[in-house]
Chemist: 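After the structure tokens below, expect a handful of questions from me.
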Amino acid sequence: MTTWTDLPAMAKIEVVVDGDDVPAVRDLFLDAGATGYTAVTGLSGFGHGGHHHGRLLFNDRASLSMLITVVPIDRAEGLIAGIRRLLEGRSGVFFVSEVHVSRPDYFA
Amino acid sequence: MSPATAGEPTSTVFSASDRARLVADVSHAGSIAAPYWPLTAFVAVNPLGGLTDLPFGDATSAARGWFGARTHLPLEAYRAEHARGTVTDADLDRAILRHDPSLAGRGPLDIGTVSMDPVELVRWDLLHGPVAAPLPARRSGTVAGALDEIMTGWCAAFVDEAHTPWQMPSRDQGFYRSWLAAAGADRRLAAVIGRDARARIATLPDDPAELLALVLRTRGVSDDQRIAAVRTWILRTPGWAGFARWCDQWAPEDRAGVRLRVLDLAAVRAAMDHLAPEQLDLTGADLEVATESAEALLDRRIDAAVTAVGGDQRSAIADILGSIDADDRAAIWLAAHEWNYRDRLLARLAGPIGSSDGARPDAQLVFCIDVRSEGFRRHLEALGAYETYGFAGFFGVPVRWRPLGSPVAQARCPVLVSPRHEVAEVAVDDDAAYLSTCSATAGLHDAFYAAKGGIASPFALAESAGWFAGPVAAARTLLPPRTSLDTSGAAKRPWWKPFGGAPRTAPVVDEVVGADLHAGLSVEERTLFAEAIVTTIGLAEFAPVVVLCGHGSETVNNPHASSLDCGACGGAPGGASARIAVAILNDAEVRAGLVERGIVIPDSTWFVAAEHDTTADLVTVLDRDSLPVAVSARVDALQRDLDVAGERNALDRAERLPGSATRVRDRGRDWAQVRPEWGLAGNASFIIGPRSMTASHDLEGRSFLHSYVAERDPDGVALETIMTAPLVVAQWISSQYYFSTVEPEIFGAGDKMLHNPVGGIGVVVGQSGDLAVGLPMQSVMLGEQRGHDPLRLLAVVQAPLDRIEGIILRNSGLRQLVEGEWIHVVARETDDDVWSFRTPSGGWEPWHLADDSMAEHRTTLAHTDLSTPLSI
């Protein structure tokens with residue numbers, strides 16, 4: 001029986017930034033060879049910067065967004081270095097975790 | 001031997017991490033360039049938008065270093081305002097004390113037999129002290145200047161879609177690789193670099209990031225210095241840097257055409273610098289216009305003060321003046337100028353407000369918040385039982401609009417919003433013959449203008465079409481067409497579209513089943529948008545006719561034409577947005593849904609679309625043929641008053657425009673006219689509140705007016721929408737006018753007379769050079785006179801202060817603007833409350849007149865003018 005740990009391991013990188021910074025993160029993803037990403041806009045929650053109330057009616061740029069990508073583990077290091085550098089001058093956080101995927105060729 | 005050939009490496013070890021860090025640094029570096037939208041959909045932006053994380057004072061200081069630009073008016077200009085009475089001694093004193101509160105605690109200076117207050121001394125210095133003497137301009141190196149010129153040519157060639165006789169190779173590989181493939185054949189480049197240019201270019205890395213890493217390493221630039229180095233390269237051509245920034249940050253992902261990336265732009269300029277015999281200083285931020293030293297100026301200021309006031313207090317005078325440098329003087333003047341406008345406006349708004357008699361109005365008209373609506377609304381209200389409202393001119397429906405027969409859909413909403421829906425215009429009647437004719441004439445139109453805008457093709461065009469174009473040109477010059485009062489209600493169309501056979505059309509707002517997922521809107525979405533329109537405006541009672549009036553501007557021979565259209569519609573005319581919103585609000589299903597949300601629109605109310613041509617001051621009711629008979633009669637009566645209001649507003653505008661007052665409405669059709677209208681020049685405030693606050697006042701076209709009734713927005717959602725979107729966009733507009741006025745050459749587009757279109761996206765001044773960003777000089781100046789007062793935007797809000805405060809605190813971008821003093825905010829909860837001023841450090845202070853002795857003259861002050869900038 002196949003378990004989830006038998007599936008190929010990859011790195012999932014989730015970046016939460018201001019809407020204005022989404023293009024910069026997107027470019028880093030693509031420049032590092034990511035084959036795709038998912039964007040979740042209008043995040044709400046509470047954190048270092050206080051409350052975030054999610055989507056505004058007529059301003060997609062002012063709320064927080066999360067960009068998620070999955071890359072082979074050997075590509076993750078470079079991408080992480082770039083994101084760390086990018087966030088040195090901007091507000092935002094990112095998370096890296098190991099995930100197991102069913103179709104590794106989608107992400108390579 | 002040129003410096004770059006002395007055995008230097010032509011490649012470098014470059015790990016994935018190195019590369020990613022460098023790409024991130026380029027992103028940082030590029031953020032200083034304000035995005036530049038193509039002129040087909042002009043969007044006003046703050047030229048210092050990349051610096052709004054800094055307070056205004058720090059950002060302008062940085063801008064002076066990076067751009068070599070002026071960020072305030074010269075002291076002489078502020079002194080002229082003082083002479084005009086638009087800055088008073090009391091304004092200056094208040095600004096001085098706000099700048100340095102410690103001056104209030106200092107004792108007076110004993111000078112001879114009189115004593116002088118320190119504030120008075122500083123005021124004297126501001127009014128009469130010496131100004132910094134400019135030093136001869138530092139000349140940009142000949143080599144650097146020549147390479148900049150070459151660079152702009154390559155940028156134009158890369159982005160040009162149709163006007164160059166040949167296309168650069170490998171454009172799909174990006175600007176750097178495309179340049180690399182072609183640059184070896186560039187004789188101008190070889191003339192600067194040397195005969196071995198081709199061979200040396202061939203040795204450069206193929207990857208732009210690798211090229212940058214190579215050059216940075218060769219030049220010994222450390223990691224913490226490379227953002228400055230990259231900025232130095234891209235700001236050699238700030239206009240093209242702005243366009244690249246737009247491509248990176250704002251361009252629609254499905255946009256046709258090539259993408260000019262900041263990374264590529266930096267790489268090409270770095271490569272040229274790398275190969276050049278003289279190289280740029282990469283330490284950056286040293287372009288501030290050179291003047292005498294701060295010490296020398298201070299000595300002269302002290303000497304002048306000692307001479308003027310006498311006595312023997314040199315050290316005390318030096319102590320006080322030494323705490324205020326040249327930048328502080330400019331900042332104090334600006335603050336005083338702003339306090340003056342604020343006092344006049346608030347004194348006016350503090351007066352008794354108008355009240356409604358409760359009768360149902362004949363019509364309600366919703367205009368765009370644009371400052372040009374204010375005068376028209378005032379004149380219309382005086383003509384009958386009309387209520388007017390202000391709302392962003394896309395009427396809260398962010399969609400892409402596909403006109404009849406067009407293959408292209410264009411966003412009709414503020415650029416802050418990404419439209420998720422597309423609405424198409426379809427024919428109600430048979431449109432086959434019409435579309436066929438359109439297709440043929442549009443092809444002719446496109447071919448003519450492509451040839452006209454090309455590099456070599458105009459010569460052939462003159463030969464082949466001159467027999468036709470020449471006499472037409474002569475006729476248009478000698479007999480410029482006049483604006484006719486054609487109020488037939490036909491939607492405006494380009495001249496190349498046939499008028500006679502145009503079918504009636506309508507927007508398809510219903511969701512199109514089976515078509516593109518985003519075609520049309522579901523009934524739930526339409527109801528949500530309808531609710532947002534009604535609640536944000538604060539509409540509670542409905543007249544029989546409610547007009548949603550967008551605006552546009554019809555001008556000819558004007559590359560900046562879209563700058564006069566509706567900013568809330570993405571730099572397009574607002575008629576389409578009005579038609580879409582009207583279709584939604586007249587929809588029975590939507591009205592039923594609104595009832596469930598507590599909003600009842602009577603069956604007797606009909607929404608009608610219109611468009612205000614701000615150059616001709618004509619309001620045209622759209623889709624007249626589709627109106628119910630009973631509504632049509634009411635609209636006929638309304639149209640007569642709209643025409644009269646237009647005539648009166650045009651007369652007002654004529655006072656500020658040069659030329660014949662009787663031809664003011666024809667200016668848009670005169671192809672020799674460089675100033676068809678003033679646009680938004682003069683804008684200074686953004687007023688959020690009920691119309692009763694402002695209805696009885698002439699605000700001189702200086703105020704954005706957004707309707708808002710706090711009582712109908714208990715949870716503050718509507719106010720948050722207004723303050724995070726229309727107010728932000730207005731701040732961009734305000735900043736663009738501000739910086740285009742104080743620095744027309746760098747932050748403005750220079751002299752319109754010298755503009756030439758380039759690349760299908762913008763203009764250059766003269767035959768070549770950098771993209772000219774911002775507003776043309778003629779949009780903000782009339783000869784040597786200013787047509788705009790450069791002030792930071794004043795937001796005036798009538799709403800509970802804690803509601804406003806909460807919105808400011810939880811929206812970081814808005815908070816930066818307020819606490820960084822990019823905008824000022826004053827507010828009161830109700831008509832009976834005094835105004836309070838939101839301080840940059842948080843909290844609210846009651847507003848009072850700068851000169852308390854003038855308090856008893858408040859009524860008089862309220863009727864003085866609002867410092868209309870032009871004194872012509």
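Note on naming: letters A, B, ... go to the chains in the order of the sequence lines (proteins, then strands), and numbering restarts at 1 for each one.
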Chemist: Heavy-atom cut-off 4.5 Å, strictly under: side chain, backbone, both or neither for A:Ala24 against chain B?
Modeler: both
Chemist: If you round to the nearest 0.5 Å, how far is CG of A:Asp31 from CZ of B:Arg261?
Modeler: 5.5 Å
Chemist: Check B:Ser17 against A:Glu77 and note the closest heavy-atom contact, atom names and distance.
Modeler: OG-O, 3.7 Å
Chemist: In terms of heavy-atom contacts, does CZ of B:Arg597 have more than 12 from other residues, nucleotides or ligands at under 6.0 Å?
Modeler: yes
Chemist: Using heavy-atom distances under 4.5 Å, tell me whether A:Asp20 contacts chain B through its side chain, its backbone, both, or neither.
Modeler: both
Chemist: Below 4.5 Å, heavy atoms only, C-beta onward: do A:Asp27 and B:Ser27 meet side chain to side chain?
Modeler: no
Chemist: For A:Arg75, is it the side chain, the backbone, both or neither that has a heavy atom under 4.5 Å from a heavy atom of chain B?
Modeler: neither
Chemist: Nearest 0.5 Å, please: how far is CD in A:Glu88 from CG in B:Asp25?
Modeler: 8.0 Å
Chemist: A side-chain contact here means heavy atoms from C-beta on lying under 4.5 Å apart; do A:Arg90 and B:His28 qualify?
Modeler: yes
Chemist: Roughly how far apart are A:Arg85 CZ and B:Asp223 CG, rounded to 0.5 Å?
Modeler: 5.0 Å
Chemist: Let's test your reading of the structure: which of B:Ala392, B:Gly396, B:Pro414 forms the most heavy-atom pairs below 4.5 Å with chain A?
Modeler: B:Gly396
Chemist: Of all the heavy-atom pairs spanning A:Asn59 and B:Thr724, show the shortest one and how long it is.
Modeler: ND2-O, 2.6 Å
Chemist: Any side-chain to backbone donor/acceptor pair from A:Asp60 onto B:Ser418? Under 3.5 Å, distance only.
Modeler: yes
Chemist: Heavy atoms only, distances under 4.5 angstrom: which of B:Gln249, B:Arg810, B:Glu720 has the most pairs with chain A? Name it, please.
Modeler: B:Gln249
Chemist: Chain A heavy atoms under 4.5 Å from B:Glu253: which part of the residue, side chain, backbone, both or neither?
Modeler: side chain
Chemist: For the residue pair A:Pro23 and B:Asp248, establish whether any side-chain heavy-atom pair is separated by less than 4.5 Å.
Modeler: no
Chemist: Quick check: closest heavy atoms across A:Phe58 and B:Leu416, and the distance to 0.1 Å?
Modeler: O-CB, 3.9 Å
